[in-house]
Amino acid sequence: MYLKNAWYVAGWENHLDGGLLARTICEEPIVFFRGEDGKIGALEDRCCHRSAPLSVGRLKGNEVECGYHGLRFDRTGQCTAIPTQELVPPSACVRSYPVILKNRWIWVWMGDAAKADESQIPDYFFLENNAWANIDGYFYVECNYQSYIDIQLDQTHSPYVHPDTLGNAAKLRVKPSVKREPRALKCERLFPNDDPPPLWAKAANIKGKGDSWNRWIYTPPATIMFDVGAAQANTGAFEGNLEHGITVHNAHGITPETGTTTHHFWSNARDFGLDDPETEEQLSVIRRVFREDVTICEAVQRRVSQFPDAHQIDVAMDYPTLQARNMLARLIKEERE
Ligand code: FES
Ligand SMILES: [Fe+2]
(Lines give C-alpha, C1' and ligand atoms only; values in the text may rest on other atoms or scores of the structure.)
(Ligands and ions follow the chains in the order given, each with its own letter.)
Protein backbone atom coordinates (compact mmCIF):
# COMPACT_ATOMS: atom_id res chain seq x y z
CA MET A 1 0.00 0.00 0.00
CA TYR A 2 1.52 3.31 -1.07
CA LEU A 3 0.78 6.98 -0.62
CA LYS A 4 -0.24 7.97 -4.14
CA ASN A 5 -0.80 11.71 -3.95
CA ALA A 6 2.84 12.37 -3.28
CA TRP A 7 6.16 13.06 -4.97
CA TYR A 8 8.72 10.29 -5.19
CA VAL A 9 12.29 10.59 -6.39
CA ALA A 10 12.51 8.75 -9.70
CA GLY A 11 16.17 9.29 -10.46
CA TRP A 12 19.12 11.55 -10.86
CA GLU A 13 18.86 14.01 -13.72
CA ASN A 14 21.74 12.28 -15.53
CA HIS A 15 19.82 8.98 -15.57
CA LEU A 16 17.99 10.54 -18.54
CA ASP A 17 21.19 10.89 -20.53
CA GLY A 18 20.89 7.43 -22.07
CA GLY A 19 17.52 8.14 -23.74
CA LEU A 20 14.47 6.27 -22.44
CA LEU A 21 14.65 5.39 -18.75
CA ALA A 22 12.51 2.50 -17.52
CA ARG A 23 11.77 2.61 -13.81
CA THR A 24 9.05 0.95 -11.78
CA ILE A 25 7.72 3.05 -8.92
CA CYS A 26 5.05 1.89 -6.48
CA GLU A 27 4.65 -1.15 -8.74
CA GLU A 28 3.81 1.03 -11.76
CA PRO A 29 6.18 0.75 -14.73
CA ILE A 30 7.03 4.22 -16.05
CA VAL A 31 9.20 5.44 -18.92
CA PHE A 32 11.01 8.74 -18.33
CA PHE A 33 12.57 10.82 -21.08
CA ARG A 34 13.88 14.22 -21.99
CA GLY A 35 12.68 15.62 -25.29
CA GLU A 36 14.70 17.65 -27.77
CA ASP A 37 13.16 20.75 -26.22
CA GLY A 38 14.82 19.87 -22.90
CA LYS A 39 11.54 19.16 -21.11
CA ILE A 40 11.06 15.85 -19.36
CA GLY A 41 8.16 13.46 -19.58
CA ALA A 42 6.91 10.39 -17.70
CA LEU A 43 4.51 7.93 -19.34
CA GLU A 44 2.97 4.62 -18.43
CA ASP A 45 5.47 2.09 -19.76
CA ARG A 46 2.90 0.04 -21.65
CA CYS A 47 1.74 0.77 -25.15
CA CYS A 48 -2.05 0.95 -25.48
CA HIS A 49 -1.90 -1.13 -28.68
CA ARG A 50 -0.35 -4.50 -27.75
CA SER A 51 1.23 -3.66 -24.40
CA ALA A 52 4.84 -3.40 -25.53
CA PRO A 53 6.95 -1.52 -22.97
CA LEU A 54 7.46 1.94 -24.46
CA SER A 55 10.90 2.02 -22.84
CA VAL A 56 12.14 -0.47 -25.44
CA GLY A 57 11.04 1.91 -28.18
CA ARG A 58 12.76 5.09 -29.39
CA LEU A 59 12.88 8.72 -28.47
CA LYS A 60 11.82 10.80 -31.47
CA GLY A 61 12.14 14.51 -30.88
CA ASN A 62 9.79 15.24 -28.01
CA GLU A 63 7.87 11.97 -28.40
CA VAL A 64 8.23 8.28 -27.70
CA GLU A 65 7.82 5.82 -30.54
CA CYS A 66 6.72 2.32 -29.62
CA GLY A 67 9.28 -0.28 -30.66
CA TYR A 68 6.65 -2.77 -31.84
CA HIS A 69 4.42 -1.09 -34.48
CA GLY A 70 5.54 2.53 -34.24
CA LEU A 71 2.66 4.31 -32.50
CA ARG A 72 3.93 7.65 -31.21
CA PHE A 73 3.05 9.37 -27.94
CA ASP A 74 3.61 12.92 -26.80
CA ARG A 75 4.38 14.07 -23.27
CA THR A 76 0.69 14.17 -22.35
CA GLY A 77 0.36 10.50 -23.26
CA GLN A 78 -1.75 11.21 -26.33
CA CYS A 79 -0.97 9.13 -29.40
CA THR A 80 0.01 11.45 -32.26
CA ALA A 81 0.58 9.00 -35.09
CA ILE A 82 -0.37 5.48 -36.11
CA PRO A 83 1.46 3.98 -39.11
CA THR A 84 -0.92 2.75 -41.88
CA GLN A 85 -3.80 5.08 -40.94
CA GLU A 86 -4.65 8.78 -41.02
CA LEU A 87 -6.98 8.93 -38.10
CA VAL A 88 -5.79 8.70 -34.48
CA PRO A 89 -8.69 7.86 -32.16
CA PRO A 90 -8.73 9.83 -28.88
CA SER A 91 -8.78 6.52 -27.00
CA ALA A 92 -5.24 5.90 -28.25
CA CYS A 93 -3.39 7.21 -25.22
CA VAL A 94 -1.35 6.15 -22.23
CA ARG A 95 -1.26 7.61 -18.76
CA SER A 96 1.13 10.49 -18.19
CA TYR A 97 2.56 11.40 -14.79
CA PRO A 98 3.38 14.87 -13.47
CA VAL A 99 7.15 15.05 -13.38
CA ILE A 100 9.51 17.79 -12.26
CA LEU A 101 13.24 18.28 -12.15
CA LYS A 102 14.36 19.89 -8.94
CA ASN A 103 17.84 19.96 -7.38
CA ARG A 104 19.10 17.39 -9.95
CA TRP A 105 16.46 14.88 -8.88
CA ILE A 106 13.57 13.73 -11.07
CA TRP A 107 10.38 13.88 -8.97
CA VAL A 108 7.27 12.02 -10.07
CA TRP A 109 3.72 12.38 -8.73
CA MET A 110 2.04 8.98 -8.48
CA GLY A 111 -1.54 10.01 -7.75
CA ASP A 112 -4.25 12.26 -9.12
CA ALA A 113 -2.49 14.65 -11.53
CA ALA A 114 -4.92 17.46 -10.65
CA LYS A 115 -3.63 17.37 -7.09
CA ALA A 116 0.08 17.53 -7.94
CA ASP A 117 1.45 20.29 -5.78
CA GLU A 118 5.02 21.36 -6.49
CA SER A 119 5.29 23.16 -3.17
CA GLN A 120 5.31 19.76 -1.44
CA ILE A 121 8.74 18.93 -2.86
CA PRO A 122 11.29 19.52 -0.13
CA ASP A 123 14.09 21.96 -0.87
CA TYR A 124 17.32 19.99 -0.96
CA PHE A 125 19.25 23.03 -2.21
CA PHE A 126 22.63 21.50 -1.34
CA LEU A 127 22.23 18.98 -4.20
CA GLU A 128 22.69 21.84 -6.64
CA ASN A 129 24.62 24.69 -5.15
CA ASN A 130 28.13 25.96 -5.92
CA ALA A 131 28.93 26.25 -2.24
CA TRP A 132 28.46 22.50 -1.78
CA ALA A 133 30.34 19.49 -3.18
CA ASN A 134 28.42 16.24 -3.56
CA ILE A 135 29.20 12.57 -3.52
CA ASP A 136 26.16 11.03 -5.22
CA GLY A 137 24.89 7.52 -5.56
CA TYR A 138 22.12 5.15 -6.55
CA PHE A 139 21.53 1.73 -5.01
CA TYR A 140 18.99 -0.87 -6.02
CA VAL A 141 18.04 -2.45 -2.72
CA GLU A 142 16.22 -5.74 -2.27
CA CYS A 143 14.12 -4.84 0.72
CA ASN A 144 10.90 -3.08 1.59
CA TYR A 145 11.18 0.71 1.43
CA GLN A 146 9.77 1.28 4.92
CA SER A 147 12.34 -0.94 6.53
CA TYR A 148 14.96 0.97 4.53
CA ILE A 149 13.57 4.28 5.78
CA ASP A 150 13.72 2.83 9.29
CA ILE A 151 17.46 2.32 9.12
CA GLN A 152 18.08 5.88 7.96
CA LEU A 153 15.99 7.35 10.77
CA ASP A 154 17.44 5.09 13.43
CA GLN A 155 20.90 6.02 14.68
CA THR A 156 21.08 3.26 17.28
CA HIS A 157 22.23 0.84 14.59
CA SER A 158 25.38 2.87 13.89
CA PRO A 159 27.66 1.42 16.59
CA TYR A 160 26.83 -2.07 15.25
CA VAL A 161 26.49 -1.59 11.50
CA HIS A 162 29.05 1.23 11.06
CA PRO A 163 31.40 0.78 14.04
CA ASP A 164 34.48 2.37 12.44
CA THR A 165 32.79 5.35 10.76
CA LEU A 166 29.46 6.64 12.10
CA GLY A 167 29.20 4.61 15.27
CA ASN A 168 29.78 6.36 18.59
CA ALA A 169 28.58 5.14 21.96
CA ALA A 170 26.75 8.40 22.63
CA LYS A 171 24.18 7.41 19.98
CA LEU A 172 22.92 4.81 22.44
CA ARG A 173 22.90 7.14 25.44
CA VAL A 174 21.32 10.29 24.05
CA LYS A 175 17.55 10.20 23.62
CA PRO A 176 16.32 11.77 20.40
CA SER A 177 14.02 14.76 20.50
CA VAL A 178 11.31 14.22 17.91
CA LYS A 179 8.95 16.92 16.64
CA ARG A 180 5.91 16.21 14.54
CA GLU A 181 4.62 18.61 11.90
CA PRO A 182 1.64 18.00 9.60
CA ARG A 183 3.83 16.70 6.77
CA ALA A 184 7.23 16.26 8.33
CA LEU A 185 8.95 14.61 11.24
CA LYS A 186 12.02 16.27 12.72
CA CYS A 187 14.55 14.67 14.99
CA GLU A 188 17.60 15.99 16.78
CA ARG A 189 20.31 14.34 18.83
CA LEU A 190 23.12 16.43 20.32
CA PHE A 191 26.22 14.80 21.74
CA PRO A 192 28.17 17.43 23.68
CA ASN A 193 31.71 16.84 24.87
CA ASP A 194 31.71 13.17 23.89
CA ASP A 195 33.40 10.80 21.47
CA PRO A 196 32.37 11.97 18.00
CA PRO A 197 31.68 9.54 15.15
CA PRO A 198 35.10 8.52 13.77
CA LEU A 199 34.36 9.65 10.21
CA TRP A 200 33.43 13.22 11.19
CA ALA A 201 36.17 13.39 13.82
CA LYS A 202 38.72 12.66 11.11
CA ALA A 203 37.21 15.11 8.62
CA ALA A 204 37.09 17.87 11.26
CA ASN A 205 40.51 16.96 12.66
CA ILE A 206 39.14 16.72 16.20
CA LYS A 207 41.55 15.88 19.00
CA GLY A 208 39.90 14.15 21.96
CA LYS A 209 36.30 15.04 22.78
CA GLY A 210 33.96 16.71 20.36
CA ASP A 211 30.53 18.24 20.11
CA SER A 212 28.61 16.33 17.46
CA TRP A 213 25.05 16.28 16.26
CA ASN A 214 22.59 14.38 14.13
CA ARG A 215 19.46 16.08 12.86
CA TRP A 216 17.06 14.80 10.27
CA ILE A 217 13.82 15.81 8.62
CA TYR A 218 11.68 13.03 7.23
CA THR A 219 9.22 14.15 4.57
CA PRO A 220 6.71 11.39 3.93
CA PRO A 221 6.37 9.26 2.03
CA ALA A 222 10.00 8.70 1.34
CA THR A 223 12.63 11.44 1.50
CA ILE A 224 15.01 12.38 4.29
CA MET A 225 17.48 15.19 4.79
CA PHE A 226 20.28 15.05 7.34
CA ASP A 227 22.40 17.70 8.96
CA VAL A 228 25.21 15.92 10.77
CA GLY A 229 28.62 17.02 11.90
CA ALA A 230 31.15 17.46 14.62
CA ALA A 231 33.50 20.07 16.08
CA GLN A 232 36.16 20.26 18.72
CA ALA A 233 34.30 20.22 22.06
CA ASN A 234 33.22 23.54 23.56
CA THR A 235 34.01 25.67 20.52
CA GLY A 236 30.46 26.90 20.01
CA ALA A 237 29.39 24.49 17.25
CA PHE A 238 25.86 24.13 18.66
CA GLU A 239 25.56 27.91 18.47
CA GLY A 240 26.63 27.86 14.83
CA ASN A 241 30.38 28.43 15.07
CA LEU A 242 31.97 25.86 12.74
CA GLU A 243 35.49 27.26 12.80
CA HIS A 244 36.64 24.07 14.52
CA GLY A 245 34.24 21.65 12.96
CA ILE A 246 32.40 20.49 9.88
CA THR A 247 28.83 19.80 8.83
CA VAL A 248 27.58 17.58 6.06
CA HIS A 249 24.11 17.30 4.61
CA ASN A 250 22.80 13.98 3.35
CA ALA A 251 19.78 13.55 1.12
CA HIS A 252 17.97 10.23 0.73
CA GLY A 253 15.27 9.54 -1.82
CA ILE A 254 13.93 6.12 -0.87
CA THR A 255 11.46 5.07 -3.51
CA PRO A 256 9.49 1.82 -3.46
CA GLU A 257 9.77 -0.23 -6.61
CA THR A 258 7.74 -3.15 -5.27
CA GLY A 259 6.90 -4.41 -1.79
CA THR A 260 10.35 -5.96 -1.51
CA THR A 261 12.56 -3.77 -3.72
CA THR A 262 13.59 -0.15 -3.36
CA HIS A 263 15.44 2.57 -5.26
CA HIS A 264 17.82 4.55 -3.12
CA PHE A 265 19.07 7.88 -4.47
CA TRP A 266 21.50 9.52 -2.08
CA SER A 267 23.95 12.31 -1.77
CA ASN A 268 26.51 13.40 0.77
CA ALA A 269 27.11 17.15 0.52
CA ARG A 270 29.79 19.25 2.19
CA ASP A 271 30.55 22.95 2.20
CA PHE A 272 34.26 22.56 2.96
CA GLY A 273 37.25 21.19 1.03
CA LEU A 274 35.22 21.54 -2.14
CA ASP A 275 38.10 20.93 -4.54
CA ASP A 276 40.31 19.07 -2.14
CA PRO A 277 41.00 15.50 -3.35
CA GLU A 278 42.00 14.39 0.15
CA THR A 279 38.64 15.47 1.62
CA GLU A 280 36.89 13.85 -1.30
CA GLU A 281 38.69 10.59 -0.69
CA GLN A 282 38.11 10.73 3.05
CA LEU A 283 34.37 11.25 2.64
CA SER A 284 34.04 8.76 -0.23
CA VAL A 285 33.94 6.10 2.45
CA ILE A 286 30.29 7.15 2.82
CA ARG A 287 29.52 4.92 -0.17
CA ARG A 288 30.74 1.89 1.76
CA VAL A 289 28.88 3.09 4.88
CA PHE A 290 25.58 3.35 3.01
CA ARG A 291 26.26 -0.08 1.48
CA GLU A 292 26.44 -1.49 5.00
CA ASP A 293 22.81 -0.39 5.45
CA VAL A 294 21.90 -2.20 2.24
CA THR A 295 23.57 -5.41 3.41
CA ILE A 296 21.76 -5.58 6.74
CA CYS A 297 18.39 -4.51 5.30
CA GLU A 298 18.56 -7.10 2.53
CA ALA A 299 19.42 -9.78 5.08
CA VAL A 300 16.42 -8.66 7.18
CA GLN A 301 14.16 -8.80 4.11
CA ARG A 302 15.21 -12.36 3.36
CA ARG A 303 14.14 -13.41 6.85
CA VAL A 304 10.93 -11.40 6.72
CA SER A 305 10.03 -13.00 3.39
CA GLN A 306 10.84 -16.41 4.83
CA PHE A 307 8.72 -15.82 7.97
CA PRO A 308 6.15 -13.18 6.95
CA ASP A 309 3.88 -13.80 9.93
CA ALA A 310 6.60 -13.92 12.58
CA HIS A 311 6.03 -11.58 15.51
CA GLN A 312 8.48 -8.70 15.96
CA ILE A 313 8.86 -6.77 19.20
CA ASP A 314 9.28 -3.01 19.51
CA VAL A 315 11.77 -1.53 21.96
CA ALA A 316 12.43 1.97 23.29
CA MET A 317 14.99 2.88 20.63
CA ASP A 318 12.36 2.38 17.89
CA TYR A 319 10.58 5.55 18.96
CA PRO A 320 11.56 7.80 15.99
CA THR A 321 11.04 5.10 13.36
CA LEU A 322 7.63 4.19 14.76
CA GLN A 323 6.65 7.87 14.66
CA ALA A 324 7.62 7.99 10.98
CA ARG A 325 5.71 4.80 10.20
CA ASN A 326 2.64 6.13 12.02
CA MET A 327 2.79 9.40 10.11
CA LEU A 328 2.93 7.63 6.76
CA ALA A 329 0.21 5.16 7.76
CA ARG A 330 -2.05 8.07 8.78
CA LEU A 331 -1.49 9.84 5.45
CA ILE A 332 -2.26 6.65 3.52
CA LYS A 333 -5.40 6.10 5.57
CA GLU A 334 -6.57 9.70 5.01
CA GLU A 335 -5.93 9.37 1.29
CA ARG A 336 -7.99 6.18 1.10
CA GLU A 337 -10.88 7.76 3.01
S1 FES B 1 2.40 -2.51 -29.23
FE2 FES B 1 2.92 -0.47 -29.43
S3 FES B 1 2.55 -0.02 -31.48
FE4 FES B 1 1.88 -2.05 -31.26
FE1 LIG C 1 23.22 3.32 8.56
Side-chain angles (χ1 to χ4, degrees), residues 20 22 29-31 33 43-60 63-74 77-85 87-89 91-96 135 137 139 141 143 145-172 176 187 189 197-200 212 214-216 218 224-228 248-254 262 264-268 283 285-301 317-318 320-321 324:
L20 300 174
I30 302 176
V31 57
F33 59 98
L43 300 177
E44 174 185 2
D45 194 9
R46 187 188 72 83
C47 180
C48 57
H49 176 221
R50 288 290 179 265
S51 294
L54 292 176
S55 56
V56 301
R58 293 170 196 87
L59 187 58
K60 294 275 180 176
E63 299 183 342
V64 178
E65 182 185 84
C66 181
Y68 197 174
H69 312 96
L71 266 68
R72 279 168 76 146
F73 300 89
D74 66 16
Q78 185 56 53
C79 179
T80 57
I82 302 179
T84 74
Q85 71 184 58
L87 215 66
V88 177
S91 62
C93 62
V94 297
R95 177 176 172 190
S96 82
I135 298 169
F139 294 150
V141 190
C143 80
Y145 79 109
Q146 283 196 302
S147 90
Y148 202 66
I149 290 171
D150 283 352
I151 201 168
Q152 306 300 341
L153 301 185
D154 150 45
Q155 272 73 61
T156 58
H157 75 278
S158 293
Y160 304 99
V161 177
H162 318 295
D164 61 332
T165 51
L166 300 185
N168 57 335
K171 290 215 169 88
L172 303 176
C187 180
R189 272 188 173 98
L199 182 59
W200 311 141
S212 61
N214 185 304
R215 303 186 183 100
W216 51 251
Y218 165 61
I224 309 161
M225 180 247 172
F226 277 89
D227 163 13
V228 294
V248 302
H249 286 0
N250 293 331
H252 298 277
I254 296 173
T262 296
H264 182 200
F265 310 97
W266 57 265
S267 186
N268 171 268
L283 291 184
V285 74
I286 202 73
R287 181 175 297 276
R288 190 254 292 170
V289 172
F290 289 162
R291 269 268 170 227
E292 290 166 345
D293 290 334
V294 174
T295 303
I296 186 74
C297 286
E298 290 186 338
V300 166
Q301 183 64 56
M317 66 177 125
D318 300 323
T321 56

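Both ligands and their constituent atoms are indexed starting at 1 by order of listing. Values below: every heavy atom of this structure, side chains too, minus hydrogens, waters and symmetry copies.
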Task: Exercise: do D45 and S55 side chains pair donor with acceptor under 3.5 Å - done: yes

Open item on the list: Using a distance threshold of 2.8 Å, state whether an N, O or S atom of C47 lies below it from atom 2 (Fe) of ligand 1.
Closed with: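 Checking atom 2 (Fe) of ligand 1 against C47, an N, O or S atom does fall under 2.8 Å.
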
Task: N/O/S atom of C66 inside 2.8 Å of atom 2 (Fe) of ligand 1, strictly under - done: yes

Number the atoms of ligand 1 from 1 as they appear, then name those within less than 4.0 Å of a heavy atom of [X], with their elements.
X: H69; answer: 1 (S), 3 (S), 4 (Fe)
X: R50; answer: 1 (S)
X: L71; answer: 3 (S)

Open item on the list: If you count every heavy atom of other residues, nucleotides or ligands that lies below 6.0 Å from I296 atom CD1, does the total exceed 12?
Closed with: no

Task: Aromatic ring pairing F139/W266, orientation class (parallel under 30°, perpendicular over 60°, tilted between) - done: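 F139 vs W266 ring planes: tilted.
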
Task: Under 2.8 Å: N/O/S of E292 next to the Fe ion (ligand 2) - done: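 So E292 does not bind the Fe ion (ligand 2) by this criterion.
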
Task: Candidate pair Y68 and H49, rule side chain to side chain donor-acceptor pair (under 3.5 Å), full reasoning - done: CA-CA 9 Å; Y68 197 174; H49 176 221; over 6 Å; no

Open item on the list: Apply side chain to side chain contact (heavy atoms under 4.5 Å, CB included) to residues V285 and R288 and explain how you reach the verdict.
Closed with: CA-CA 5 Å; V285 74; R288 190 254 292 170; 3.6 Å; yes

TODO: Give a rough value, rounded to 10 degrees, for the angle at the Fe ion (ligand 2) between atoms NE2 of H162 and OD1 of D293.
DONE: 80°

Open item on the list: Can you tell me which N/O/S atom of H49 has the shortest distance to atom 4 (Fe) of ligand 1?
Closed with: ND1

TODO: Decide yes or no on side chain to side chain contact (heavy atoms under 4.5 Å, CB included) for V161 and D293, but give the supporting numbers first.
DONE: CA-CA 7 Å; V161 177; D293 290 334; 4.1 Å; yes

